[in-house]
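The model shown is predicted, which means the values in this text are computed figures rather than measured ones. In what follows, every heavy atom counts, from backbone to side chain, and hydrogens, waters and symmetry copies are set aside.
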Amino acid sequence: MEYSGCKPFVDEVIEESTKEFGAAYALQPKVRDRLYAACELVDEIVPELDCDTVDVSVNTSNKQFTIMVICDDMVLEHGRTHKFFQLIKMVNSFAFSKCGKESLRIELNIDGLWEKTSG
């Protein structure tokens with residue numbers, strides 16, 4: 001299946017999670033816009049890194065949104081001018097881990113997408 005971009009997956013997960021959280025939590029538009037900007041950079045990086053998978057999820061206990069990218073390896077030429085460094089400045093945290101025998105998992109985490117409502 002051809003990669004069709006990060007934003008459609010993000011929108012779907014945001015919609016499902018917002019319904020699940022109900023009126024107790026409100027979606028924060030400024031954080032969503034930052035997430036969308038991160039998606040645009042992910043979309044630019046995915047073909048360059050020849051990534052296998054891009055997935056998104058929400059940790060329902062702490063409301064952390066994660067974009068997970070899986071690729072065989074990652075070589076960043078041009079030092080800190082690479083778009084990956086712009087991307088990690090947009091997220092609250094990121095992690096690298098091994099996935100399977102030969103793949104690399106990159107997790108990009110965004111906090112504060114939903115805030116508890118007063119009421």
Side-chain angles (χ1 to χ4, degrees):
M1 188 167 121
E2 190 173 317
Y3 179 69
S4 60
C6 181
K7 191 174 177 290
F9 298 121
V10 166
D11 283 337
E12 185 178 321
V13 172
I14 286 174
E15 185 178 332
E16 290 172 5
S17 298
T18 300
K19 285 179 186 175
E20 182 179 335
F21 301 151
Y25 288 87
L27 184 65
Q28 302 302 302
K30 286 184 181 180
V31 180
R32 184 191 56 213
D33 292 345
R34 183 167 46 103
L35 175 57
Y36 285 166
C39 276
E40 289 177 15
L41 283 175
V42 166
D43 290 345
E44 292 179 34
I45 291 169
V46 162
E48 179 184 331
L49 297 179
D50 195 25
C51 296
D52 300 326
T53 305
V54 175
D55 196 13
V56 296
S57 63
V58 174
N59 179 324
T60 56
S61 62
N62 66 5
K63 312 296 185 273
Q64 185 177 66
F65 197 97
T66 300
I67 301 171
M68 180 181 65
V69 178
I70 297 178
C71 49
D72 289 335
D73 61 11
M74 186 168 91
V75 177
L76 302 177
E77 297 178 5
H78 312 296
R80 292 186 181 172
T81 60
H82 192 278
K83 290 179 182 178
F84 182 76
F85 292 99
Q86 292 174 324
L87 178 59
I88 61 174
K89 290 177 184 177
M90 295 177 150
V91 300
N92 296 96
S93 62
F94 63 96
F96 296 98
S97 60
K98 186 175 177 181
C99 180
K101 289 188 175 191
E102 297 184 15
S103 294
L104 172 68
R105 177 187 297 125
I106 306 164
E107 292 182 359
L108 306 160
N109 305 307
I110 296 194
D111 299 325
L113 190 56
W114 294 274
E115 285 189 9
K116 194 158 183 66
T117 58
S118 58

Scan Val10, Ile67, Ile106, Leu49 and name whichever one has a side-chain contact (heavy atoms from CB on, under 4.5 Å) with Val42. Ile67

Could you tell me the separation between the CD atom of Glu102 and the SG atom of Cys71, rounded to the nearest 0.5 Å? 13.0 Å

Donor-acceptor check, side chain of Thr117 to backbone of Ala23, threshold 3.5 angstrom: yes or no? yes

Side-chain heavy atoms under 4.5 angstrom apart, residues restricted to Ile, Leu, Val, Met, Phe, Trp, Tyr: same cluster for Val58 and Met68? no

Side chains of Val69 and Arg105: closer than 4.5 Å at any heavy-atom pair? no

Rounded to the nearest 0.5 angstrom, the CZ-CG distance for Arg32 and Asp11 is 8.0 Å

Begin with the C-alpha distance, continue with both residues' side-chain angles, and end with the deciding distance and a verdict on side-chain contact (heavy atoms from CB on, under 4.5 Å) for Cys6 and Glu40. CA-CA 7 Å; Cys6 181; Glu40 289 177 15; over 6 Å; no

Would you say Glu15 has more than 12 foreign heavy atoms packed within less than 6.0 Å of its CD? no

CD-SG distance between Glu44 and Cys39, expressed to the nearest 0.5 angstrom: 11.5 Å

What I want to check is whether the side chains of Thr18 and Trp114 have a donor and an acceptor closer together than 3.5 Å. yes

Enter the distance from Leu108:CG to Ile88:CD1 here, rounded to the nearest 0.5 Å. 9.0 Å

Rounding to 0.5 Å, atoms CD (Gln28) and CG (Leu113) come to a distance of 8.0 Å

Would you indicate whether Lys83, at its atom NZ, is surrounded by more than 12 heavy atoms from other residues, nucleotides or ligands within a distance under 6.0 Å? no

Cluster question for you: counting only ILVMFWY and a side-chain heavy-atom cut-off of under 4.5 Å, with indirect links fine, are Ile70 and Val54 together? no

Within the distance-only criterion (no hydrogens, no angle test), does the side chain of Arg34 pair as donor or acceptor with the backbone N or O of Met90 below 3.5 angstrom? yes

Tyr25 side chain reached by Lys63 side chain, heavy atoms, under 4.5 Å: yes

On the 0 to 90° scale, with breaks at 30° and 60°, tag the Phe94-Phe84 ring pair as parallel, tilted or perpendicular. perpendicular

Taking the side chain as everything from C-beta on, heavy atoms only, tell me whether Glu16 gets closer than 4.5 Å to Glu12. yes

Taking a hydrophobic cluster as the set of Ile, Leu, Val, Met, Phe, Trp and Tyr residues connected by side-chain heavy atoms closer than 4.5 Å, whether directly or through intermediates, do Leu104 and Leu41 fall within one such cluster? yes

Applying the side-chain contact (heavy atoms from CB on, under 4.5 Å) test to Phe65, which of Val56, Asn109, Asn59 qualifies? Val56

What pair of heavy atoms forms the shortest contact from Asp72 to Ser103, and how long is it? OD1-OG, 3.9 Å

Stepwise side-chain contact (heavy atoms from CB on, under 4.5 Å) check, Asn62 with Asp111: CA-CA 8 Å; Asn62 66 5; Asp111 299 325; 5.7 Å; no

Reported CD1-to-CD distance for the pair Ile45 and Gln86, which is rounded to 0.5 angstrom: 8.0 Å

